[in-house]
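Just so it is clear, the values below take in all heavy atoms, side chains as well, and ignore hydrogens, waters and symmetry mates.
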Amino acid sequence: MKKIGFLSFGHWSNHPAYKTRSASDTLLQSIDLAVAAEAIGLDGAYFRVHHFASQLASPFPLLSAIGARTSKIEIGTGVIDMRYENPLYMVEDAGAADIISRGRLQLGISRGSPEQVIEGWRYFGYEPAAGETDADMGRRKALEFLDKLKGVGFALPNPNPMFPNPPGLLRLEPHAEGLRDRIWWGAASNATAVWAAEKGMHLQSSTLKFDESGKPFHIQQAEQIRLYKEAWKKAGHQREPRVSVSRSIFPLVTDQDRIYFGQEAKRGDKIGMIEQDKRAIFGRSYAAAPDQLIKELAEDEAIQEADTLLLTIPNTLGVDYNVHVLSSILEHVAPGLGWR
C-alpha cells in the first residue's frame, strides 16, 4: 500500500490550449482538483512554490481554502524555498492552515532551487549572513522554523500589554500541535537527505537530483532514500520516517491520452546543469498502456523504497482531464502494483 497524491506546478498563461489562462483560473481550479481528488480516493494534494513566475507562489491561502473544502486528503507543498521566508511569520501562517484543515498539513520545504530572477530573495529583504551562502541561509531559516513550531515560549512579554498574557515567555500563535512532525525536506543530494534525517524531517525526492554516480535516476534516488533511512535510524527518532518520490505517469487509455503523452513512451532519463557547477539527472516520464506501465513501474527501485508517490500533473489541461489521469492510475495501475 502506498499513499498517492498529486503535485501541481500551478502554471498559467494566456495560451489558447490552456485551461488556466490566469492566476484566478489556476487558484480556483487547484481547489476544485483537490476536492475531486479526495472524492476519487487520492491521498494527497501538493503544490509547487515559485516566485516571480506565472505559477503558484503563496501557498498558505490556497492550502487553507483546500483545508476548508475537504476533510481527509493530505495537503502540502513540494517545496517552499526557505531563502524567501520569514520563519516566524511562516509559523503563524502554517499554524492557521493546519488548524483549518484539522491537522492535515504536510509541508515540504527546502533551501531552494534555480530561480526566475537573480537572487530573488534579496528583493524580499533577505541576504546571507557573513560567511554564509544562500543555501546556508535557507537551511538556517528552516531550522528556526522547525524550532518555533515546537510551541515553546521564547518572547519576553510586555509588562503592560493590551490584553492579559499567560505566565512565562510567549510563543507564536496559533500553535498547531504535531505540525513539527509533518515537515518534509526536498533533497537534491545524498548529503542533504542525510541532514534532513538527522533533523527529523521527512524526505521529498523529486524527479531530479544531483548526478552523484552516473547510474540511472531511479537507482541513484533509491540509494539516496536508503542513506536517509539509515541516518534516521541512527539519529534515534521515535517515530517512523516518510519518503515521497515524484513521477510523471500517464496511462494511455484514450485517444486523447495518446495524443497528449504518447510521445513520452520512448523517452529516458536526461542529464542537465541545474546550477553552474551541478550536473543533475532528470527522471524519465512513464507513458504507456496500463499493463506496460505496471511492468515498468515495478522495476523503479526508488518507488519501491518510498511510502508516498506524488504524481506530477499537467494542471494547464484543466480539472476534468487531470481527474481522468488520476482516476486511470488508481483504477488501472495501482492495483496491479499492490498500491491499492
For this session: May I ask you to test the D25-Y18 pair for a side-chain heavy-atom distance under 4.5 Å?
Result: no
Seminar exercise, completed: Separation between CH2 (W12) and OG1 (T316), nearest 0.5 Å, reads 13.0 Å
Exercise. In terms of side-chain heavy atoms, does H202 have a donor or acceptor partner in Q204 at a distance below 3.5 Å?
Worked result: no
For this session: Any chance you could measure M82, atom CE, to F145, atom CZ, to the nearest 0.5 Å?
Result: 6.0 Å
Exercise. Applying the 4.5 Å side-chain criterion to the ILVMFWY set and letting contacts propagate, would I294 and F250 be lumped into a single cluster?
Worked result: yes
Problem set entry | Distance (rounded to the nearest 0.5 Å) between D134 CG and R83 CZ | 4.5 Å
Exercise. Is a side-chain donor-acceptor pair under 3.5 Å present for E115 with Y84?
Worked result: yes
Problem set entry | Close side-chain approach of R182 to D98, heavy-atom, < 4.5 Å | yes
For this session: Give a yes or no on whether R340 atom CZ has more than 12 heavy-atom contacts from other residues, nucleotides or ligands under 6.0 Å away.
Result: yes
For this session: Would you check if there is a donor-acceptor pair between the side chains of T20 and Q29 at a distance under 3.5 Å?
Result: no
Exercise. Hey, is the main chain of S246 close enough, under 3.5 Å, to the side chain of S206 for a donor-acceptor pair?
Worked result: no
Problem set entry | Heavy-atom closest contact (E223 atom, S213 atom, distance) | OE1-OG, 4.3 Å
For this session: Begin with the C-alpha distance, continue with both residues' side-chain angles, and end with the deciding distance and a verdict on side-chain contact (heavy atoms from CB on, under 4.5 Å) for L252 and Q292.
Result: CA-CA 10 Å; L252 304 181; Q292 181 62 27; over 6 Å; no
Exercise. Does some side-chain heavy atom of L105 sit less than 4.5 Å from a side-chain heavy atom of I75?
Worked result: yes
Problem set entry | Over 12 non-hydrogen atoms of neighbours within 6.0 angstrom of NZ in K19 | no
Exercise. Just by distance, do the side chain of R247 and the backbone of L311 share a donor-acceptor pair under 3.5 Å?
Worked result: no
For this session: Mark yes or no for whether K2, through its side chain, and A306, through its backbone, hold a donor-acceptor pair below 3.5 Å.
Result: yes
Problem set entry | Test item: Y46 and P59 side chains (from C-beta on) under 4.5 Å apart, heavy atoms | no
Exercise. Sub-3.5 Å donor-acceptor pair from the side chain of W232 to the main-chain atoms of E240, do we have one?
Worked result: no
Exercise. When rounded to the nearest 0.5 angstrom, what distance separates CZ in R258 from CD in Q256?
Worked result: 11.0 Å
Problem set entry | Student check: side-chain heavy atoms of S8 and Q55 closer than 4.5 Å | no
Problem set entry | Test item: Y228 and R226 side chains (from C-beta on) under 4.5 Å apart, heavy atoms | no
Exercise. Taking all atoms of both residues into account, what is the closest heavy-atom pair of A187 and L203, and its distance?
Worked result: CB-CD1, 3.6 Å
Exercise. Given the rule in the side-chain contact (heavy atoms from CB on, under 4.5 Å) test, do T192 and F210 qualify, once you have shown the distances and angles that lead to the verdict?
Worked result: CA-CA 11 Å; T192 51; F210 294 143; over 6 Å; no
Exercise. Do F47 and Y321 belong together in a cluster built from hydrophobic side chains that touch within less than 4.5 Å?
Worked result: yes
For this session: For the pair F52 and F124, name the ring-plane relationship: parallel under 30°, tilted 30 to 60°, perpendicular over 60°.
Result: perpendicular
Problem set entry | Heavy atoms of other groups near E177 CD, more than 12 under 6.0 Å | no
Seminar exercise, completed: Smallest heavy-atom separation, A302 atom then V245 atom, equals O-CG1, 4.1 Å
Exercise. Is there a donor-acceptor contact under 3.5 Å from the side chain of T26 to the main chain of H11?
Worked result: yes
Problem set entry | Pairwise side-chain contact, V49 with D81, heavy-atom cut-off 4.5 Å (strictly under) | no
Exercise. Given V325 and L317, is the side-chain contact (heavy atoms from CB on, under 4.5 Å) satisfied, shown in steps?
Worked result: CA-CA 11 Å; V325 171; L317 296 181; over 6 Å; no
Exercise. Minimum heavy-atom separation for Q304 to A298, with atom names?
Worked result: NE2-O, 2.5 Å
Problem set entry | G236 backbone acceptor or donor facing Q238 side chain under 3.5 Å | yes
Seminar exercise, completed: Tightest non-hydrogen contact, residues W185 and R111, listed as CH2-N, 3.3 Å
Problem set entry | V323 vs L326, side-chain contact (heavy atoms from CB on, under 4.5 Å): CA-CA, chis, key distance, verdict | CA-CA 5 Å; V323 170; L326 296 170; 5.7 Å; no
Exercise. Within the side chain of E38, is there an N or O that forms a donor-acceptor pair under 3.5 Å with the backbone of S71?
Worked result: yes
Exercise. Shared ILVMFWY cluster between L62 and F9, side chains joined below 4.5 angstrom?
Worked result: no
Exercise. Atom CD in E74, atom CZ in R242: separation rounded to 0.5 Å?
Worked result: 4.5 Å
For this session: Search all heavy atoms of P157 against all heavy atoms of N165 and return the closest pair with its distance.
Result: CB-ND2, 3.6 Å
Problem set entry | More than 12 heavy atoms of other groups within 6.0 Å of D320 CG | no
Problem set entry | Among E305, H218, R284, side-chain contact (heavy atoms from CB on, under 4.5 Å) partner for D300 | H218
Exercise. Just by distance, do the side chain of R21 and the backbone of H15 share a donor-acceptor pair under 3.5 Å?
Worked result: yes
Problem set entry | Inter-residue atom distance T308.OG1 - I303.CD1, 0.5 Å rounding | 12.0 Å
Exercise. Hey, any chance I80 and M201 share a hydrophobic cluster, counting ILVMFWY side chains that come within less than 4.5 Å of each other, even indirectly?
Worked result: yes
Exercise. Under the 3.5 angstrom rule, does the side chain of D307 hit a backbone N or O of V243 as a donor-acceptor pair?
Worked result: yes
For this session: Determine, using the 4.5 Å side-chain heavy-atom cutoff (strictly less than), whether Y286 and F217 are members of one ILVMFWY cluster.
Result: no
Exercise. Between H51 and Y123, is the ring centre distance below 6.0 Å?
Worked result: no
Problem set entry | Heavy-atom side-chain contact between H332 and L293 under 4.5 Å | no
For this session: Would you please say whether a donor-acceptor pair under 3.5 Å links the side chains of T70 and R104?
Result: yes
Exercise. Under the 3.5 angstrom rule, does the side chain of Q224 hit a backbone N or O of S189 as a donor-acceptor pair?
Worked result: yes
